[in-house]
Asker: 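Sharing a structure below in structure tokens format, with a few things to ask.
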Amino acid sequence: MKYDVVIIGSGLGGLACGSLLAEAGLRVCILERSNQLGGCLQSYRREGLDYDTGLHYVGGLDEGGSLHEAFRRLHLLELPWQRMDGCFDHVLLGDRHYALAQGFDRFTATLSRDFPHQQEQLQRFADRIHRASMEDMEVSAWDYLHECFQDEELIQVLGATAMRVGLHRESLPLFCLAHALSSYIESSWRLRGSGNQIVERLARTIREGGGELRCRHEVTGLRIADGRVEAVACSNGATIEAENIICDAHPELLARLLEGQPVRRSYLQRIRSGENTFGIFTLSLRLCPGVIPYFNHNAYVFRRGSDVWQPEECGEEATAVMLSCRVPEDDSPFARQVDLLSPMSWSTCQPWEATTVGHRGPDYEHLCHTRSESCLHLAERYLPGLSAAVERSYTSSPLTYRDYLAAPQGSAFGLRKDWRRPLQTFLSVRTPLPNLFLTGQSLVLPGIEGTTQTALQTCSAILGETNNNKIQQ
Amino acid sequence: MTRNEIMEQVNELLANEFEVEVSEITPESNIKETLSLDSLSLVDMIALVQVNYKVNIPASDLPKIQTFNDLYDYIESHLPA
């Protein structure tokens with residue numbers, strides 16, 4: 001049995017490619033190393049409730065929005081999306097409270113109330129991020145903000161929510177900041193129910209198109225002959241032949257698979273030389289019923305005196321925390337689940353590098369406990385009484401990400417992009433081997449939007465320009 | 001590093017990486033044609049120069065670099081002190 005396309009990895013990128021290609025009539029096989037599909041989209045169940053790992057909110061689903069057309073093609077608009085509040089993100093810097101609003105005009109008007117002396121500049125900024133182009137890959141977000149604005153506080157506010165794209169002051173290209181903001185300003189949405197619905201919907205299209213999804217199939221080798229990949233070998237002994245291969249795993253894994261193979265060393269060097277974005281420490285809270293009202297927006301809370309643009313550098317203590325509330329599925333006006341997410345650097349986790357889930361020892365428990373306490377402490381500033389409402393809590397760290405998702409250094413947003421080296425850090429969906437392709441959040445942009453748009457590019461490359469109409473339809 | 005050293009090293013580096021004979025590389029020959037570079041391998045070449053000489057070539061400067069001479073010039077004038 002030879003497939004048209006074998007896809008390594010079942011994250012959003014792999015599943016989106018699988019869905020589009022299966023619908024275009026190709027015979028698709030997805031290989032997932034773990035026993036659960038979905039990568040960052042997977043959720044887990046504890047005592048009757050589902051907890052999401054990577055999915056919290058999505059931007060640009062409105063008609064004409066940046067993700068609308070892609071999600072329509074993927075049949076994901078059918079899912080129960082819930083529009084967030086007009087002010088979808090709240091930012092707390094010390095005791096000062098700011099809000100980001102949906103709609104570019106309202107976004108500008110809302111921030112202009114807090115920064116009236118920067119109103120014109122805010123309008124220019126909104127216009128620029130709305131129209132971000134490839135050239136902005138070579139522009140520093142930090143430098144651009146300083147050219148645009150005089151008010152340091154406003155620059156902090158505009159960087160605050162960019163922790164969701166792996167914010168890094170020195171390297172973040174304006175292109176990434178613009179995309180991180182603009183799709184959410186277009187429109188912001190939460191999914192009612194778990195992120196698994198996305199996984200299931202995409203998997204359904206793949207199966208309906210005659211495709212296969214195989215868990216516990218870890219790809220450990222590529223068979224290459226005459227400059228093409230002929231087959232992939234799995235750790236369970238299976239060898240699967242294909243016309244085309246898509247790698248949805250982190251590029252570092254691909255570099256390992258290509259080591260010693262007849263592929264230009266400079267290519268391997270390039271994809272291996274990338275630096276990873278930081279990881280995320282998550283404290284998932286199950287709350288006592290009827291205590292904390294549901295809030296239909298997010299809050300980003302920063303420690304007093306901390307720098308928004310250096311969110312992960314604080315060891316055991318959290319510098320920043322994002323509060324995300326799960327939509328109550330029973331229509332209750334009260335929240336049952338709140339996630340607290342805080343950036344965590346790999347250096348904080350490194351002492352436990354050699355350990356695996358459940359066997360990390362008391363020092364790690366202590367780290368998680370300290371970090372949880374400091375996350376709760378920060379979150380209390382936005383939601384007083386939150387700690388007292390906690391019934392149960394679960395933690396995950398970059399180590400958890402690394403072990404479950406094979407994410408090197410537990411990176412939450414893949415390889416970091418750098419405006420100083422855009423050609424090297426933005427990766428193409430093509431590789432030196434003509435039938436081997438890449439997809440996933442490490443290539444161009446992280447998150448749901450970046451991964452979905454990249455999947456469309458990967459599929460276009462496989463189907464070729466002439467066949468592109470098949471997916472367009 | 002002298003101009004001659006740069007030329008010699010760059011030629012050897014690129015010939016080795018892109019599998020051509022060093023003798024095929026002449027200062028006035030076109031880089032893309034000589035090394036059969038497509039857009040992807042062009043980026044690998046830039047990365048190679050970056051790693052070996054700490055010289056970063058932004059996309060906006062690429063059109064200026066057509067021949068090997070252009071590349072030697074670029075490296076020579078941008079080498080970190």
Side-chain angles (χ1 to χ4, degrees), chain A residues 133-140 143 170-171 173-175 226-227 247 251 254-255 258 261-275 415-439 442-444 457-458 460-462 465, chain B residues 6-22 24-25 29-68 70-75 77-81:
Chain A
S133 68
M134 306 284 274
E135 278 130 46
D136 293 323
M137 289 173 168
E138 285 191 79
V139 178
S140 154
D143 290 347
E170 282 73 32
S171 60
L174 179 59
F175 180 81
D226 299 329
C247 181
L254 183 74
L258 290 174
Q261 300 272 18
V263 178
R264 278 200 318 275
R265 276 170 308 148
S266 55
Y267 180 73
L268 296 185
Q269 201 173 48
R270 177 154 68 92
I271 60 176
R272 259 197 312 246
S273 69
E275 287 174 37
L415 291 176
R416 185 195 285 161
K417 305 297 162 231
D418 192 331
W419 64 272
R420 295 162 295 187
R421 299 185 298 127
L423 289 173
Q424 288 100 302
T425 55
F426 287 91
L427 299 179
S428 167
V429 298
R430 295 180 185 277
T431 71
L433 299 170
N435 68 335
L436 174 66
F437 300 86
L438 296 181
T439 203
S442 278
L443 272 61
V444 184
Q457 279 182 30
T458 307
S460 294
I462 287 186
E465 290 307 318
Chain B
I6 292 174
M7 286 174 67
E8 213 169 287
Q9 279 186 16
V10 168
N11 290 359
E12 196 176 333
L13 182 73
L14 297 182
N16 187 24
E17 183 62 34
F18 296 98
E19 296 174 354
V20 298
E21 294 298 326
V22 177
E24 290 176 52
I25 299 178
S29 55
N30 181 284
I31 299 174
K32 278 194 203 166
E33 284 166 17
T34 311
L35 303 178
S36 313
L37 299 183
D38 55 16
S39 56
L40 188 71
S41 44
L42 179 66
V43 177
D44 290 334
M45 188 202 80
I46 294 164
L48 208 59
V49 170
Q50 215 276 329
V51 168
N52 285 278
Y53 297 98
K54 307 281 176 271
V55 169
N56 188 37
I57 308 176
S60 48
D61 281 349
L62 273 181
K64 292 184 215 159
I65 305 172
Q66 296 294 327
T67 67
F68 287 93
D70 299 336
L71 181 62
Y72 311 141
D73 287 344
Y74 198 91
I75 294 174
S77 58
H78 289 81
L79 267 182

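So you know, we letter chains A, B, ... as the sequences are listed, proteins then strands, and number each from 1.
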Asker: For B:Asp44 and A:Gln269: C-alpha separation, side-chain torsions, deciding distance, then whether side-chain contact (heavy atoms from CB on, under 4.5 Å) applies.
Answerer: CA-CA 9 Å; B:Asp44 290 334; A:Gln269 201 173 48; over 6 Å; no
Asker: Could you measure the distance from the CD atom of B:Glu19 to the CZ atom of A:Arg264? Nearest 0.5 Å is fine.
Answerer: 9.5 Å
Asker: State whether the number of non-hydrogen atoms from other residues, nucleotides or ligands found under 6.0 Å of A:Glu170 atom CD is greater than 12.
Answerer: yes
Asker: Just by distance, do the side chain of B:Glu17 and the backbone of A:Arg265 share a donor-acceptor pair under 3.5 Å?
Answerer: yes
Asker: Heavy-atom count around B:Glu24 CD within 6.0 Å, excluding the residue itself: above 12?
Answerer: yes
Asker: If a pair satisfies salt bridge (charged side-chain N to carboxylate O under 4.0 Å, His left out) and one of its residues is in residues 418-427 of chain A, list it, with sequence neighbours excluded.
Answerer: A:Asp418-A:Arg420
Asker: Is it the backbone or the side chain of B:Ser60 that comes under 4.5 Å from a heavy atom of chain A, or both, or neither?
Answerer: both
Asker: Should A:Pro432 and B:Leu40 count as side-chain neighbours, where that means a heavy-atom distance under 4.5 Å?
Answerer: yes
Asker: Can you tell me which of B:Asp38, B:Asn16, B:Asn56, B:Leu62 forms the most heavy-atom pairs within a distance under 4.5 Å of chain A?
Answerer: B:Asn56
Asker: When you look at CD of A:Gln261, are more than 12 heavy atoms from neighbouring residues, nucleotides or ligands closer to it than 6.0 Å?
Answerer: yes
Asker: Nearest 0.5 Å, please: how far is CD in A:Gln424 from CG in B:Leu48?
Answerer: 10.5 Å
Asker: Is there side-chain contact between B:Leu42 and A:Leu423, with heavy atoms separated by less than 4.5 Å?
Answerer: no
Asker: Quick one: list whatever passes side-chain hydrogen bond (donor to acceptor under 3.5 Å, both in side chains) with A:Thr425, sequence neighbours left out.
Answerer: none
Asker: To the nearest 0.5 Å, tell me how far A:Arg270 CZ sits from B:Ile46 CD1.
Answerer: 8.5 Å
